[in-house]
Each structure stands twice: as structure tokens, then as C-alpha cells.
Amino acid sequence: MNNTSQLARMLLLIAIMAVLTLTVLFFAGKLPHQKLTAQEFINLQQGDNPHARFRRAHAKGICIFGNFESNGNLASYSTANISHKGTTPFLGRFSVAGSNPTAPDLKTLVRSLAFAMNSDTNHEWRAAMNTPPVMAVANPYDFYEQIQALSPDPLTKKTDPEKIKVFLAAHPESQAFNDWKATYKPTNSFATEMYHSINAFYLIDKSGHKQPVRWVAVPQAIEQDLPKLDSESADALQIQLSKILENNSIKFDMVFTLANDQDDENNPTIPWPKDRKKVTAGTLNITSWEVQQTGKCGEMNFDPLVLPDGIAATEDPILRARGAAYAESYRRRVKETLLGAKESSTTHSRSQP
Amino acid sequence: MLKKVQRHTLGVSHEFNKRPLRQHTTITLGNGTNYYIDAVPRSSMIQSLDIWQMEAVKLHKSFGILALVLVIIRLFNKLLSRRPSLPNDLPKWQKLAAHITHFGLYALMLAMPLSGWLMQSAGGRVVGLFGWITLPQLVEANMTLYSIFREIHGYAATLFFLMIFMHVGAALYHGLVRRDGFLSSMVSGK
């Protein structure tokens with residue numbers, strides 16, 4: 001046998017395998033890349049000192065249970081189960097923004113309400129809503145920059161006004177968000193906030209017609225009727241919530257706003273005009289609570305891309321980015337729980353309202 | 001002449017029949033498709049923040065179930081047909097490697113879709129096949145189980161690639177370097 005040709009064929013084999021390896025690594029994103037990944041996003045959110053076993057964003061929260069009482073008004077717009085008149089139990093969570101699971105409730109600007117209903121079925125609906133009605137930016141890459149600009153310096157623990165100014169100048173689309181921020185004052189309860197879907201979704205009817213909508217959970221509670229906040233407590237909002245639920249349920253109307261042709265459902269930075277048609281779909285009744293460390297909501301990933309038949313995601317880039325980011329945060333914290341990792345924060349204390 | 005001798009070493013009774021070959025192709029396509037969905041250029045499905053990510057995950061699940069169906073059919077067929085024995089003069093370690101790779105490939109072809117299905121069930125999510133059918137939940141929603149199956153799914157994928165590389169590398173070694181007719185018996189189906 002010819003040794004030269006034997007060697008050549010061996011080299012060919014090596015070359016083919018090398019090309020194959022590089023192709024696989026390239027497509028798997030293992031080679032140097034410029035595009036921001038969900039992993040890098042979560043790295044930024046969790047910071048240098050991640051709180052093991054907790055969500056990387058909106059780490060501090062409290063589990064809630066209740067039911068969604070649909071009035072049937074949505075049925076002509078969506079084939080979703082929940083659009084028909086009837087009652088559906090849900091598992092949910094109130095939370096405050098940030099990666100610190102022991103942050104003082106009253107120190108954070110953004111509050112959230114999440115729920116999941118009809119789990120284990122095609123009719124499952126998970127939602128994660130926040131107090132701002134719009135986003136400051138329109139895609140996850142700008143969102144990353146926004147978090148970088150707004151984050152306090154790790155040494156001085158202070159935000160850099162110059163950095164924020166530069167960011168805002170580069171992102172005029174943040175106008176509506178900044179207007180909201182300038183006038184918004186957090187209320188004295190989880191029960192009296194408005195929680196917005198922020199991103200738009202499609203309601204799909206029997207004929208397949210897609211109606212872009214945003215929704216908001218509008219509180220029925222009135223602040224004067226609620227137990228007073230203990231503003232000294234780091235868990236002020238949670239303690240108050242548990243007090244309300246001793247005797248009463250907490251109710252929110254689910255109000256859907258229907259976009260028209262002038263509205264861009266894929267841009268979460270622009271509020272839709274006030275005169276758009278609104279449909280109240282029913283009421284969220286919150287009846288009980290649990291601490292998140294041992295409660296059911298700790299096990300749940302409130303990924304807003306989990307939608308029932310009859311509701312679909314728009315191509316809003318922020319909305320679409322939430323799936324991969326939530327999954328990464330979830331994967332990390334459940335793995336830490338599995339492996340028994342200790343919460344790294346020295347100030348850790350279980351919130352026990 | 002040389003070819004005839006080598007053919008003889010493979011043994012007439014151990015030749016591939018065409019059905020498994022077709023299945024080899026479809027299984028490769030099935031798994032391959034899922035890989036390319038999983039890894040659209042520059043960032044993989046679990047890394048991407050782009051708008052196609054959600055659709056990719058949906059397709060990934062469906063193709064995974066399709067791959068599971070194909071491998072089950074393949075395994076039944078394997079029971080019914082014989083595979084060609086390795087060339088007699090192959091060094092022992094290569095024979096061992098071949099057996100490990102073959103066993104590993106089948107084990108992983110089952111483990112990949114099953115761990116995916118299990119992790120979805122444990123995460124409280126349903127798995128379907130292109131929206132035509134909805135599969136039953138294998139386990140109750142449970143965070144610990146989710147984490148176990150999620151990590152198995154990830155590590156099994158890496159191991160799967162290693163096995164595929166050994167498989168392709170060995171096939172090319174037979175075809176290009178040894179030229180013992182073993183690769184052509186796979187390709188021609190004779």
C-alpha cells in the first residue's frame with residue numbers, strides 16, 4: 001500500500017472531523033460570539049454576588065392563591081378556555097424588583113404580579129405583570145445597556161448620573177417610560193397597584209383573527225380600607241398582604257385594551273391612546289398566601305410565553321426574549337436548590353409575615 | 001480482487017438490509033434537524049434572546065418526539081435483523097470502542113427525547129407533536145425533578161455529540177484509511 005496516499009487519506013479524515021467539530025461548536029454558540037446571550041443577561045442581573053436558590057430578577061416575593069372569575073366578555077375575541085364564563089384557580093406571586101431576596105419592600109420602585117393557571121394542559125396561561133405600563137427600550141440588547149447604565153457602581157454603590165444621561169440621550173424611545181416614572185408614586189399596598197402586561201399579545205378567535213391586546217390588573221381595593229403599613233419593616237408589603245387576607249380577598253379586574261391599526265403591537269415602549277376599546281374579562285380573586293421559600297410559587301417559572309390556545313405572543317422582541325432569560329434564571333436556582341447551595345447573602349432572613 | 005476478500009471478512013450473513021439503512025438516514029435527519037433548530041447561527045436555542053427562540057423551542061420539542069418515535073421503530077427493527085460484524089482483524093480496543101459507541105448512541109437517542117419530555121412534565125409544561133397531538137404528562141410538576149432532568153438533558157447532549165463524533169470518525173476511518181468495505185456496506189445497504 002502506498003504510504004503517501006495512506007497519509008493523505010488520514011489527513012483528509014482529520015480535516016473532515018475538524019470541520020465537523022468547528023461547525024458544531026459554531027452553531028452551538030461555543031465559539032467567540034458578539035451577540036448577547038440569555039446567560040450573559042442573567043449574569044448581569046444577578047451581579048457579582050448571586051443569591052443562590054432565588055430568582056435572578058424579582059427575587060423577593062410572596063406566593064398567592066386564588067381564582068380567576070371570567071365573565072365571558074373575552075369569548076368573542078379568543079378561543080382560550082379562560083375567555084369563557086367560569087372560575088379557574090391560579091397560583092401566583094407578588095414581588096418587588098431586584099436580585100436581592102431580602103431587599104426592603106418599600107425601597108424598590110417596580111412591583112409585580114404573576115400568575116399561572118391551568119398548568120399541565122394546553123390551556124395553561126402564565127403571566128408576569130409589572131407596575132410600569134411600558135418598557136424604556138424596545139429590545140433585549142438595549143435593555144441590557146439600560147440595566148448597565150442604571151446599575152450602581154460596585155465600589156461606590158451609587159448610580160452614575162452621567163451614564164444615565166448618556167443612555168437616555170441615546171434612547172429617545174424611553175420617553176414614555178420616563179414620563180411614567182416622573183409621575184408615578186408607589187402605593188401603600190400590593191393590593192392597590194396597577195399591574196400591566198407591558199408587552200402585547202394576540203387574542204385569536206374562532207375564525208383565526210388575531211386581535212392585538214395589552215392587559216392590566218386594576219385593583220378594586222381602596223387604600224383607606226387597608227391595614228396600615230409598618231414602614232419600618234423590610235417586609236412591610238408582605239405583612240400587610242397577610243393581614244388583608246386574614247379576613248378578605250384581594251380583587252383585581254382584568255382589563256384588556258384592544259389595539260387598532262395605528263398601534264404597533266411589537267413595540268413595548270409606546271403607550272396606546274386612551275380611547276382604545278377596553279374589555280373587562282373578569283376578576284382575579286386572591287384568597288391566601290404562602291412564603292415563597294416553602295410555597296408553590298417558588299417552584300414556578302412565570303414565563304409569559306406560556307400561553308393557552310387562543311392567546312399568542314406578538315413579535316415584540318422584549319417579550320420573545322423573556323422565555324430564554326426566565327429559563328436560565330430558573331435553571332440556575334433549581335439546580336442550586338437541588339445541590340443544596342447556601343444563600344450567599346449575609347443579611348438573609350426568611351420573610352415571615 | 002482485494003475488495004472481494006474484504007467483503008468476505010464481513011461475512012455474507014451479516015450484511016445490512018436496506019430498511020435499517022433508511023432508518024439510519026431518517027434518524028440522522030431527525031436528530032440533525034433538532035440540532036440545527038437548537039443552534040441557529042451564533043447562539044444556541046438556550047442562549048438566544050431573539051424572536052425566533054420561542055418558535056425554535058416549539059419545533060425542538062416536536063422534532064425530539066419525532067426522533068423518539070424513529071428510534072423506537074429502529075430498535076424494533078434491530079431486534080428483527082442482524083447487523084454486520086466488525087472486520088476480524090480490527091484491534092481489540094477498536095472493537096470495544098465500536099460496541100461502546102453503538103450502545104451509547106442508542107442509549108442517548110432514547111435519553112435525549114425522554115429527558116426532554118420528563119423535564120417539561122416536571123416543569124408543568126405539556127409536550128406536543130406539531131400541535132397535532134398532546135402527549136401525557138410523565139411526572140407531576142416538581143422543581144427537583146425538573147432540575148435533574150434539565151441537567152441530564154444538557155449533559156446527555158454533550159455526550160451524544162461525542163458519540164456521534166466517534167461514530168462518524170470510525171466510519172470515515174473504515175472508508176478512508178482502512179478501506180475494508182465496512183463503510184460501503186453501510187452506504188450501499190448491501
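Numbered from 1 within each chain, the chains take letters A, B, ... in sequence-line order.
Under the 4.0 Å criterion applied to side-chain N and carboxylate O atoms, A:E290 and A:R93 are not assigned as salt-bridge partners. With respect to A:R56 and A:E328, no salt bridge is recorded, no charged nitrogen being found less than 4.0 Å from a carboxylate O.
If you measure heavy-atom distances from A:R126 to chain B, the contacts under 4.5 Å come from the side chain alone. Proximity to chain B is absent for every atom of A:N301, based on heavy atoms less than 4.5 angstrom apart. Of the two parts of A:A327, neither the backbone nor the side chain holds a non-hydrogen atom closer than 4.5 Å to a non-hydrogen atom of chain B. With a 4.5 angstrom heavy-atom cutoff, A:T21 touches chain B via backbone and side-chain atoms both. Heavy atoms of A:P317 lying under 4.5 Å from chain B belong to its backbone as well as its side chain. Using a 4.5 Å cut-off between heavy atoms, A:I16 contacts chain B through its side chain alone, with no backbone atom that close. Of the atoms belonging to A:D309, not a single heavy atom falls under 4.5 Å from chain B. For B:F165, the parts lying near chain A are the backbone and the side chain together; criterion is any non-hydrogen pair under 4.5 Å.
Counting heavy-atom pairs closer than 4.5 Å to chain B, the top-ranked of the candidates A:R322, A:E315, A:R331 is A:R331. Contact count against chain B (heavy-atom pairs under 4.5 Å) is highest for A:M10 among A:K296, A:M10, A:R333. When each of B:R125, B:Q120, B:Q53 is scored by its heavy-atom pairs under 4.5 Å with chain A, the top score falls to B:R125. Listed options A:L20, A:L339, A:I318 were ranked by heavy-atom pairs under 4.5 angstrom with chain B; first place goes to A:L20.
Within the 4.5 Å cutoff, no side-chain heavy atoms of B:Y106 are placed close to those of B:L110.
You'll find the ring centres of A:F115 and A:F68 outside the 6.0 Å limit.
Side-chain atoms of B:Q137 and A:D120 include a donor-acceptor pair closer than 3.5 Å. In this model, no donor atom of one side chain and acceptor atom of the other lie less than 3.5 Å apart for A:D316 and A:T314.
The aromatic rings of B:F63 and B:F130 sit perpendicular, their planes meeting at an angle over 60°, well past the 30° parallel limit.
For the pair A:A138 and A:N267, the tightest heavy-atom approach, listed with the atom from each and the gap, is CB-OD1, 3.9 Å.
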